[in-house]
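In what follows, a single structure is set out as structure tokens and then discussed.
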Amino acid sequence: MEFDDKIPIYYQIKNDLYHRIVAGDLAPGEKLPAVRQLAVDLTVNVNTVQRALSEMVTEQVLTSKRGVGNFVTQDTTKITALKQRLSHGYIERLYTQLHALRLSDGEIVAAIQEYMATTNEEE
Amino acid sequence: MTSFSELFRSMWKPKGHIVNLMLFFYLLIVVISLIGQVIHGGMGDFSLLKASSGDFGLGVVTFIWLTVQTERDYVSDTYRLMPASEAKQYLAGLSTAFVAYLYFVAVRSLVMGVGLGLEWPRLSVELDQLRSNLTGLPHNWQMIAVFVALLVLLLMINAWVYVSLIHFILNTVSAFLPAGQQKVVKVVVAILVVAATIALSVWLGRLQYQLLHGASSTVNMWVDLVVALVTIVVTVTINICLMRKWVEAKY
Amino acid sequence: MTNAIEITDLSYRKNTKTILHDVNLQIVQGRVVGLLGENGAGKTTLMRLMADVAKGAKGTIAINQETDGTKRRGLISFTESLRGFRPGSKLSQIRDVYATVYPDFSAQKYIDLTTFLQIDDDLELNKLSRGTREKFIIALTLSRQAAVYLLDEPFNGIDSMSRKRIISSIIKWKADDATMLISDHYVTEIAALLDEVVIIKDHTVCTHKSSEEIRSQFGIGVEDFYESVYGGDIHDDEL
């Protein structure tokens with residue numbers, strides 16, 4: 001994984017894990033690699049990984065079993081909420097940017113539908 | 001913490017290597033001169049004693065080489081980073097040099113001893129004749145021999161600690177003093193070196209005179225040894241202090 | 001949290017030149033810290049003073065609360081030049097000296113590190129390329145289980161593949177409670193490794209910040225931050 005040095009790295013690690021959890025690459029209840037292994041895989045400091053994981057434990061996206069490791073939560077409502085939070089963020093960004101181009105709400109919906117229609121056709 | 005014997009072992013390695021190399025040259029010279037003897041005079045002139053007792057300047061070269069290695073080790077981060085006090089580091093450097101030189105002398109003496117043993121039947125006869133002719137030998141000549149041997153050892157150590165002292169002073173001065181003061185100190189050091197050399201040669205001259213003329217009493221000899229020993233102790237103390245406070249490792 | 005390194009009012013002059021003045025620095029145990037500064041800024045000198053192989057400074061240096069030079073050397077593993085060894089020494093002989101002299105030397109860690117860094121310790125010291133020599137020095141330094149590691153420009157003259165391996169080996173083998181100070185004047189590749197950054201400028205510690213704080217506070221990377229501090233784009237009152 002390539003990091004953007006302008007953004008806190010623990011934040012980017014969290015984001016990456018969020019996406020993997022929501023996309024199902026990391027299943028509910030799945031054990032995460034050990035902190036040091038994650039650090040080696042990502043080529044980042046162990047403390048940074050630790051910080052990302054402990055914040056995710058606080059957010060209850062992960063659960064931590066002392067001496068065993070970190071697991072993706074089995075509480076699917078947490079994962080659904082996470083999915084909503086992430087997609088809401090993307091939609092918000094898209095909406096603000098299109099709005100800044102002076103597109104009306106109706107035009108935005110139409111543009112998105114048109115876009116989806118053409119990309120689906122191409123596929 | 002690193003113990004003295006661990007330090008000794010680590011500092012021994014390069015010095016052991018130097019001595020082995022010099023001994024190799026020595027044995028090479030012995031072999032070559034044996035071959036020379038055979039070529040020139042046939043088997044009859046074959047003498048290991050003659051071939052092995054020449055010095056060829058090897059002793060001096062070994063001594064200087066060991067001195068250079070020791071001084072280099074004192075300012076090498078490899079040794080200075082080791083977790084042992086400067087006192088231990090200094091003494092390990094000095095004692096490895098000393099033992100290395102003794103090792104050199106011992107192997108040479110061994111080879112010469114073998115040569116001597118081979119020719120003993122002939123030599124013992126000559127020695128008996130010599131002894132009966134030499135009535136002028138001081139009555140305490142055995143003691144004088146021991147005294148001279150001890151003195152040579154002490155002077156050798158003195159030479160090493162003195163070189164270290166000069167090295168450490170110059171090292172400290174050139175690291176910490178401004179250019180002007182450096183010159184002053186260097187002049188003082190130069191005067192010191194000359195003075196010490198003169199004092200040493202005067203003292204040695206007097207000693208030689210006393211020994212040759214049997215004028216040296218047992219008490220005098222002991223005093224001389226104690227003086228040499230005290231000089232070593234004082235210089236070593238100064239050296240260790242300098243090393244602890246001022247002498248840096250090179251990088 | 002205990003401080004592994006505590007430097008108080010440290011000043012050091014050589015001849016009449018000031019090399020470091022009024023350095024104050026506290027580094028918490030377990031951190032990986034980048035010591036940044038131009039060539040000749042005094043990074044190496046600061047490390048040498050910590051390991052008590054540079055002398056005559058004013059002020060105090062404590063490593064795990066120990067101020068005594070000999071004890072400090074026991075706690076610190078410092079990348080050295082290897083010049084005390086004969087050029088013809090085999091690497092395995094150098095390893096043996098390390099194993100003899102350093103009580104915290106781990107033979108297992110040495111094997112792991114030399115394998116990982118692809119070093120053949122049957123080779124002789126003078127047969128090594130610059131890069132392999134640096135890698136070997138890193139392997140020796142990290143094979144000690146020290147409280148504090150001082151790596152002085154460990155990536156100099158090393159190709160980028162080896163650099164990555166060294167970085168990985170640091171992540172893999174640095175114990176959680178061991179503290180590490182890495183000096184460099186080029187940070188991009190190690191930026192993700194650093195918890196904190198200490199910048200030496202004008203003979204003293206100019207700033208000491210967590211790397212994540214730099215990213216969130218200034219919205220720039222560690223390398224950009226370092227350049228801005230040196231270029232004067234970030235003023236002292238902003239630090």
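Residue numbering restarts at 1 for every chain, and letters A, B, ... go by the order of the sequence lines. The model shown is predicted, which means the values in this text are computed figures rather than measured ones.
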Drop me the distance from [X]'s [atom1] to [Y]'s [atom2], to the nearest 0.5 angstrom.
X: C:S216; Y: A:K6; atom1: OG; atom2: NZ; answer: 15.0 Å
X: C:L194; Y: A:N47; atom1: CG; atom2: CG; answer: 11.5 Å
X: C:I170; Y: A:N45; atom1: CD1; atom2: CG; answer: 10.5 Å
X: C:S211; Y: A:Y10; atom1: OG; atom2: OH; answer: 12.5 Å

Just wondering, more than 12 heavy atoms not from [X] lying within 6.0 Å of its [atom1]?
X: A:F71; atom1: CZ; result: yes
X: C:K71; atom1: NZ; result: no
X: A:K83; atom1: NZ; result: no

With a 4.5 Å cut-off on side-chain heavy atoms, are [Y] and [X] touching?
X: C:K172; Y: A:V40; answer: yes
X: A:R36; Y: C:D176; answer: yes
X: C:K164; Y: A:T43; answer: no

Between C:D195, C:T188, C:I167, the one whose heavy-atom pairs under 4.5 Å with chain A are most numerous
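Looking at each option in turn, the highest pair count goes to C:D195.
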
Closest approach of [X] and [Y], non-hydrogen atoms and distance?
X: A:A39; Y: C:I171; result: CB-CG2, 3.6 Å
X: A:D5; Y: C:A191; result: OD1-CB, 3.8 Å
X: A:I9; Y: C:E212; result: N-OE1, 2.7 Å

Using heavy-atom distances under 4.5 Å, tell me whether C:I220 contacts chain A through its side chain, its backbone, both, or neither.
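Only the backbone of C:I220 comes within 4.5 Å of chain A.
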
